[in-house]
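Just so it is clear, the model here is predicted, and its values are computed rather than measured.
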Amino acid sequence: MTSRRYLLISTAVMVMFIILTAVFNYIIDPYGIYRTFVFEGINRDKPRASTQVRMVKAYGVRKIAPKSIAIGNSRVDIGIDPLHPAWPEDGHPVYNLGIPGSTIYASRAYLRHCMAVRNLSCVVMGLDFMDFPIAPEPEKKTGTKEFEQWLLTNSEDPQTSLPWGKELKRCAITLFSLTALADSLRTVTGQDAENITDCGFNPLREYHHFVRKEGHYAIFLQRDKENMKRYKEKPKNLFISGTRTSPQFDNLREMIRECRAEKINLYLYIHPYHVRLNETIRRTGFWPLFEQWKRELVRIVTEESDADRAVPLWDFSGYNRITGETVPRPGDTETKMKWYWEAGHYKKETGDMILETIFAHPGKNHPAGSHFGVRITSENIESHMQGMKKKQTDFLQHQTETVSDILKIYQDVY
C-alpha cells in the first residue's frame with residue numbers, strides 16, 4: 001500500500017469516526033442540550049448533565065422560556081422544586097436556576113439571561129451568608145467570566161443562535177469531544193443515576209446511595225469538616241474598607257432594582273441551615289457577622305422597596321424542629337432523615353415548606369409547632385435576632401452531643 005493511499009484511508013476513517021461520534025452524541029445528548037430523541041431506559045435521564053451545569057441551565061432557560069425561576073447556589077439546585085403547586089398559577093412554567101458554586105454576580109448574570117429570553121413574573125432567590133464575607137481590600141477582577149459565554153443579553157434574540165463562535169464551542173463540547181462520547185456512554189449505562197430534570201431541578205439521587213452505604217452521620221461529619229476548613233480561610237468582613245458596601249451587596253441591590261423596573265415579583269430568603277452548620281458558624285467566630293449580614297440585607301431591601309412592589313425577605317435559618325432534626329447515630333444506615341441531606345443542603349421536603357411559606361400556600365409539610373420561617377423587616381429584625389439568641393442558648397445547653405461533635409472538629413482544624 002502506498003503512503004498516499006494509506007493517508008487517504010486513515011483520513012477517511014478519522015472523518016468517519018468524527019461524524020459517527022457527533023451523530024451518537026447528538027442522539028444520546030448527554031447534557032440535555034438538544035433533546036431531539038428521547039428513548040426510555042437509554043437517554044431519557046441525563047446523569048452527566050451536572051458536569052456541564054452552567055451551559056445546561058443556560059440552554060434549559062432558552063428551551064423552557066420560564067415565567068418564574070428559583071435562583072441561587074447548590075442549596076437551591078437540590079432543594080427548590082419548580083413543579084411544586086405553591087408557585088403562582090400565572091407564573092408557569094417555572095425553572096430551577098440553582099447552580100452549584102454560584103455567586104451573587106453569577107445569579108445576576110443568569111437573571112438577566114432569563115429576562116432576555118422572556119418577561120419574568122416571579123423570582124425566588126436563596127441567599128447564602130458565606131457568599132458575602134470579603135477581604136477589606138478585595139482583589140479587583142476584570143474580564144468576562146467563563147459561564148457568561150452561554151448567556152444572552154437584552155440585545156440578543158432568544159430565538160436565534162448565539163454568535164457563531166460560541167455555537168461552535170458548544171458543538172465542540174457537546175458533539176465532537178471525546179469527553180462527550182464518554183458521557184454519552186455513561187448516560188446509556190447510568191439511567192438510574194443523578195439527573196437534572198427538564199425544569200432544572202436536581203433530585204440528587206446519588207445521595208440515596210451514599211446514605212444506604214455510609215449513613216447520614218458520616219455525610220454530615222464529612223461536610224462539617226469541609227465547612228470548618230473553608231470558614232477558617234474566610235475573612236471576617238462584609239464591606240470594602242472605608243465603605244458600607246461590597247460587590248456582593250452591590251449586585252444584590254442591582255438585582256432588586258432590575259426586578260422592580262421590569263415589575264418582577266422578587267422573593268428573597270435566607271437558607272435553613274441545620275443547627276450543626278449554625279454551630280459551625282458560631283464556633284468559628286462568624287455569628288456576629290452573620291447577624292450584621294442580616295441587618296444589611298434588611299437595610300438594602302427596605303431602601304430598594306417601594307409601596308407598590310415590596311421585596312419580602314424571609315429568614316429560615318435558626319433553631320426549630322426542622323433545622324434541629326436529629327442526625328442518626330454513627331453506623332446507622334437504615335434511618336433516613338426527612339429534611340436534610342447534610343448540614344448545608346436540605347431536601348426537597350424542606351424546600352417545599354419554604355415555597356409554601358413564601359407564597360402562603362396551604363401545604364401539608366409543616367409539622368405542628370415548627371414555626372418555620374420569619375419575614376424580617378426593619379421593625380422586627382432586632383427582636384428576631386434576640387429570639388434566635390435565646391434559642392441558641394437553649395440549644396447549647398441541651399444538644400450537648402452536637403456541640404461536642406463540632407467542638408472536636410474545630411479543635412482538629414484549628
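His274 and Asn278 share no side-chain donor-acceptor pair at under 3.5 Å. Checked by atom type, the side-chain pair Thr280/Tyr231 shows no donor-acceptor distance below 3.5 Å. Counted by atom type alone, Asn380 and Ser383 present zero donor-acceptor pairs between their side chains at under 3.5 Å. Side-chain contact of Glu226 with Gln222: a donor-acceptor pair under 3.5 Å is present, judged by distance alone. No hydrogens or angles considered: a donor-acceptor pair under 3.5 Å links the side chains of Tyr273 and Asp128.
Comment: Glu304 does not engage Arg299 in a salt bridge, judged by the lack of any side-chain N to carboxylate O separation of less than 4.0 angstrom. Taking 4.0 Å as the cut-off between side-chain N and carboxylate O, Asp412 and Lys408 count as a salt-bridged pair. Using a 4.0 Å cut-off between a side-chain N of Lys or Arg and a carboxylate O of Asp or Glu, Lys294 and Asp315 qualify as a salt bridge. For Glu258 and Arg108, the salt-bridge test passes: some basic side-chain N is under 4.0 Å from an acidic carboxylate O. Between Arg186 and Asp183 there is a salt bridge, since at least one side-chain N of the basic residue sits less than 4.0 Å from a carboxylate O of the acidic one.
Because its NZ or CZ atom is not both nearer than 6.0 Å to the ring centre of Tyr110 and within 45° of the ring axis, Lys57 does not count as a cation-pi partner of that residue.
For the ring pair (Phe, Tyr, Trp, His ring centres under 6.0 Å) criterion with Phe132, the lone passing option out of Phe249, Phe290, Tyr105, Phe286 is Phe249.
Ring-centre distance between Tyr346 and His271: below the 6.0 Å cut-off. Taking the six-membered ring where the residue is Trp, the centroids of Trp314 and Tyr267 are separated by 6.0 Å or more. Aromatic pair Phe220/Tyr217: ring centres not closer than 6.0 Å.
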Exercise for the section: Dump the intermediate steps for salt bridge (charged side-chain N to carboxylate O under 4.0 Å, His left out) on Glu342 and Arg276, then the final yes or no. Expected result: CA-CA 9 Å; Glu342 33 83 1; Arg276 289 179 69 100; over 6 Å; no
Exercise for the section: Report the C-alpha distance between Lys348 and Asp352 in whole Å, list the side-chain angles of each, state the deciding distance to 0.1 Å, and finish with yes or no for salt bridge (charged side-chain N to carboxylate O under 4.0 Å, His left out). Expected result: CA-CA 6 Å; Lys348 171 190 176 302; Asp352 289 348; 2.7 Å; yes
Practice task
Go through the steps for Arg54 and Glu146 under the test salt bridge (charged side-chain N to carboxylate O under 4.0 Å, His left out), then give the verdict.
Solution key: CA-CA 9 Å; Arg54 293 173 181 258; Glu146 185 274 336; 5.7 Å; no
Practice task
List the steps and the verdict of side chain to side chain donor-acceptor pair (under 3.5 Å) for Ser184 and Asn25.
Solution key: CA-CA 6 Å; Ser184 290; Asn25 288 337; 2.7 Å; yes
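The aromatic rings of His216 and Trp341 are tilted relative to each other, their planes meeting at an angle between 30° and 60°.
Between Ala65 and Pro93, the closest heavy-atom pair is O-CG, 3.9 Å.
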